[in-house]
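Input: a single structure, listed below in structure tokens.
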Amino acid sequence: MLADRYIRIDFTSQRNFENNFVLNIPDRFNFAYDIIDEYARLSPQKAAMIWTNPQGEERRFTFSDLSRLSNRTANFFKKLNLKKGDPVMLILKRRYEFWICYIALMKLGCVIIPASYQLAKKDIVYRCESAGVRAIVCVNDTEVLDHIDQARPECETLQHVITLGHREGCLDLTGAIAWESEAFSPPEVLPANDDTLLMYFTSGTTGMPKMAAHNYVYPLAQITTAAYWHNLNDDSLHMAVADSGWAKCGWGKMFGQWICGATLFIYDFDRFDAADMLSMLARYRVTSFCAPPTVYRYMIKEDLKAYDLSALEWANTAGEPLNPEVYHQFHAATGIKIHEGFGQSETAPLIMTSKWMEPRPGSTGKPSPLYDIALVDEEGQSVEDGVEGEIVIRLHKGHPAGLLTCYYRDDEQMAEVFRNGMYHTGDMAWRDVDGYYYFIGRKDDVIKSSGYRIGPFEVESALMEHPAVLECAVTAVPHPLRGQVVKATVVLAKGWEPSDELIKALQNHVKKATAPYKYPRIVAFTQALPKTVSGKIQRAKLRDL
């Protein structure tokens, strides 16, 4: 692995990790040249990626393959006059071309904008106008391309639409790069560490998505993810479920993982099926797995013992808190303890259950030494153990690696999150006496009822213990006397039907599992919960309903 050039890999304890972690940042770092091309030079046949899809197609790539294919692709992009600082949007699902294009664009110094394939016309127009997008590289998917075609007349900066195949009015990436040279001459002026590498469009609870910009040091910050949280090495075959359009892809299936020498396993599916996912883990002998809690919630409803998961050594989760019941059931069936983590599109992992820590169900873990993390009250003062506070990053030691450099063209939002010498996450948590953090929810998600503050996660976790509940989301409903009351929206497991009796049973269960005042006074049943493409439950939509 190349990780030991940038971090220490010889820590033997959590205390040693916390006290002695240092990230070594070179004067000018470029992931494409310093990692991909360096592996191709040192170990050209080292396995980098195994790609497959539900149709049974399979491609295997070495680092030498990625170096050569990204050179070809960079030469093609260069002919289109794409250069340092030009924003390019990638809508490529989990196609292997996503990684090749990403590396090629880094070699040119372009600004990369990963995007979801679920974007409609208005979303594409907004992103092109906001970021000044010059090119879109997208899957050869009729619905995606139709939305792009509808958006093009309103996208003044958009010069090229490039797709994976033939489409009238588009450039064919697959055909074009076949004729390009495998030799590539880097631009005379390469990006500096402070130059913008990528921008994530990240949605808040209100308003349009913000553009969180990261610089060329960002990939180095993600080594902490792979080395200390995913526990990866040269022999690992790592699978992260994330689609390429969201930030968890950068967390879990590219930067830190390749720096640590792991092989990526990419399953290019469109519709998640728990049984299908488990069969892929078994068939390919995946050793490390990372998925949002939603995936684990569906997996534990399958017969896990029917799958040969003997190669699986490690499991992680992030995106939203993991319910303890899900943790316990997965552990009982597989013997694998799920290591939770927490962060944002704006950061690398802020809090994580590292490789040296014993997971505590319900806890996200301890702060990453990459950041100076604190819990503060509304006045910005640190709170004691057991007291809820907002998770912040103190900036008195400077701007840490992996933290967004800015919200592009949004000074108002910058002033909101960067104030009083801190970066404010807007997420609430409490800490126990051993330093473990317990997530409560977004500030906007915390329910204020009759003078009590109720975190939705605790109520959801209590509901998840009941066998009737497959998934649930807890939100606030306005009430004339109590201010707000707790509402639970529930997806039932197979074999259960909605009824007044079941509502009463769920309410009583919560009263016994946690403080009685936290029970949901309203229970609604639904076939599915609204989610983002990354699998996060959209509580704001439930509140609007």
Side-chain angles (χ1 to χ4, degrees), residues 47-61 93-96 98-99 225-227 229-244 246 248-249 251-254 256-258 260-320 322-323 325-341 353 355 359 470-471 494 531 533-535:
M49 180 165 61
I50 301 171
W51 175 92
T52 188
N53 63 17
Q55 291 72 46
E57 297 176 279
E58 182 181 288
R59 288 286 302 269
R60 293 175 180 256
F61 298 89
K93 297 187 177 180
R94 297 176 182 83
R95 305 291 190 269
Y96 56 78
F98 171 81
W99 286 266
T225 314
W229 185 47
H230 287 157
N231 195 21
L232 300 180
N233 55 50
D234 284 312
D235 298 322
S236 301
L237 179 59
H238 177 71
M239 180 183 185
V241 174
D243 177 81
S244 67
W246 66 294
K248 190 58 175 66
C249 180
W251 274 42
K253 55 200 308 180
M254 188 181 331
Q257 293 69 34
W258 272 339
C260 287
T263 302
L264 299 180
F265 175 68
I266 309 299
Y267 186 39
D268 185 12
F269 66 93
D270 282 336
R271 187 177 181 83
F272 168 68
D273 178 270
D276 183 44
M277 183 75 69
L278 287 163
S279 69
M280 300 307 292
L281 292 173
R283 182 184 310 169
Y284 280 88
R285 309 286 292 167
V286 170
T287 64
S288 173
F289 181 66
C290 187
T294 297
V295 169
Y296 289 104
R297 284 196 287 266
Y298 279 86
M299 279 184 166
I300 63 172
K301 299 301 180 181
E302 301 292 326
D303 180 9
L304 290 172
K305 296 187 182 299
Y307 301 89
D308 180 7
L309 301 179
S310 58
L312 191 65
E313 300 170 353
W314 205 258
N316 295 89
T317 193
E320 59 182 9
L322 179 71
N323 307 104
E325 182 65 17
V326 179
Y327 172 92
H328 289 305
Q329 289 195 34
F330 188 83
H331 180 230
T334 65
I336 302 294
K337 299 175 181 178
I338 303 173
H339 287 64
E340 193 172 343
T353 308
K355 61 194 276 186
L470 177 64
E471 282 195 294
K494 293 177 183 178
K531 295 189 182 78
V533 68
S534 64

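Every heavy atom of this structure was used, including side-chain atoms; hydrogens, water molecules and symmetry mates were not. One is the number of the first residue; the rest follow in order along the sequence.
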Nearest heavy atoms of Leu281 and Met299, plus distance in Å: CD1-CE, 3.9 Å
Nearest non-hydrogen partners of Ala275 and Glu302, listed with the distance: CB-OE1, 3.8 Å
Separation between OG1 of Thr287 and CG of Leu312, rounded to the nearest 0.5 Å: 7.5 Å
SB check Lys93 Asp268 (cutoff 4.0 Å): no
side-chain contact (heavy atoms from CB on, under 4.5 Å) evaluation trace for Asn53 with Arg95: CA-CA 9 Å; Asn53 63 17; Arg95 305 291 190 269; over 6 Å; no
Within-4.5 Å side-chain heavy-atom neighbours: Ile50 and Thr263: yes
Side-chain heavy atoms of Phe269 within contact of Val241, under 4.5 Å: yes
From CA spacing to verdict: side-chain contact (heavy atoms from CB on, under 4.5 Å), Leu278, Leu309: CA-CA 8 Å; Leu278 287 163; Leu309 301 179; 4.2 Å; yes
Residue pair Trp258 / Ala48: nearest heavy atoms and the distance that separates them: NE1-O, 2.8 Å
Side chain to side chain, Phe98 and Met254, heavy atoms closer than 4.5 Å: yes
Shortest non-hydrogen contact from Trp51 toward Arg94: NE1-O, 3.1 Å
Tyr327/Lys337 under side-chain contact (heavy atoms from CB on, under 4.5 Å): CA gap, chis, key distance, verdict: CA-CA 7 Å; Tyr327 172 92; Lys337 299 175 181 178; 3.5 Å; yes
Interatomic distance, Ser236 atom OG to Leu264 atom CG [nearest 0.5 angstrom]: 10.5 Å
Short side-chain to backbone donor-acceptor contact, Lys355 and Asn231, under 3.5 Å: no
Min side-chain heavy-atom separation Thr225-His230 under 4.5 Å: yes
Side chain proximity check, Cys290 to His238, heavy atoms < 4.5 angstrom: yes
CA sep, side-chain torsions, deciding dist, call: Met239, Tyr284, side-chain contact (heavy atoms from CB on, under 4.5 Å): CA-CA 10 Å; Met239 180 183 185; Tyr284 280 88; over 6 Å; no
Salt-bridge criterion met for Arg283 and Glu58 (N-O under 4.0 Å): no
Phe272 vs Thr294 side-chain heavy atoms within contact, under 4.5 Å: no
Nearest heavy-atom neighbours spanning Asp276 and Ser279: O-OG, 2.6 Å
Separation of Thr52 OG1 from Glu57 CD (nearest 0.5 Å): 8.0 Å
N/O donor-acceptor pair under 3.5 Å between Gln257 side chain and Trp251 backbone: yes
Rounded distance (nearest 0.5 Å) linking atom SG of Cys249 with atom CD1 of Ile266: 7.0 Å
Interatomic spacing from CH2 in Trp229 to NE2 in His339 - rounded to 0.5 Å: 10.5 Å
Option passing side-chain contact (heavy atoms from CB on, under 4.5 Å) with Ile336 (candidates Trp314, Phe289, Phe330): Phe330
Whether Asp308 side chain and Ser310 backbone form a donor-acceptor pair below 3.5 Å: yes
Min side-chain heavy-atom separation Val326-Pro293 under 4.5 Å: no
Closest approach of Cys260 to Ala226 (non-hydrogen atoms, all atoms of both residues): SG-CB, 3.9 Å
Pairwise distance CE(Met49) to CH2(Trp99) - rounded to 0.5 angstrom: 6.0 Å
Tyr298 vs Leu470 side-chain heavy atoms within contact, under 4.5 Å: yes
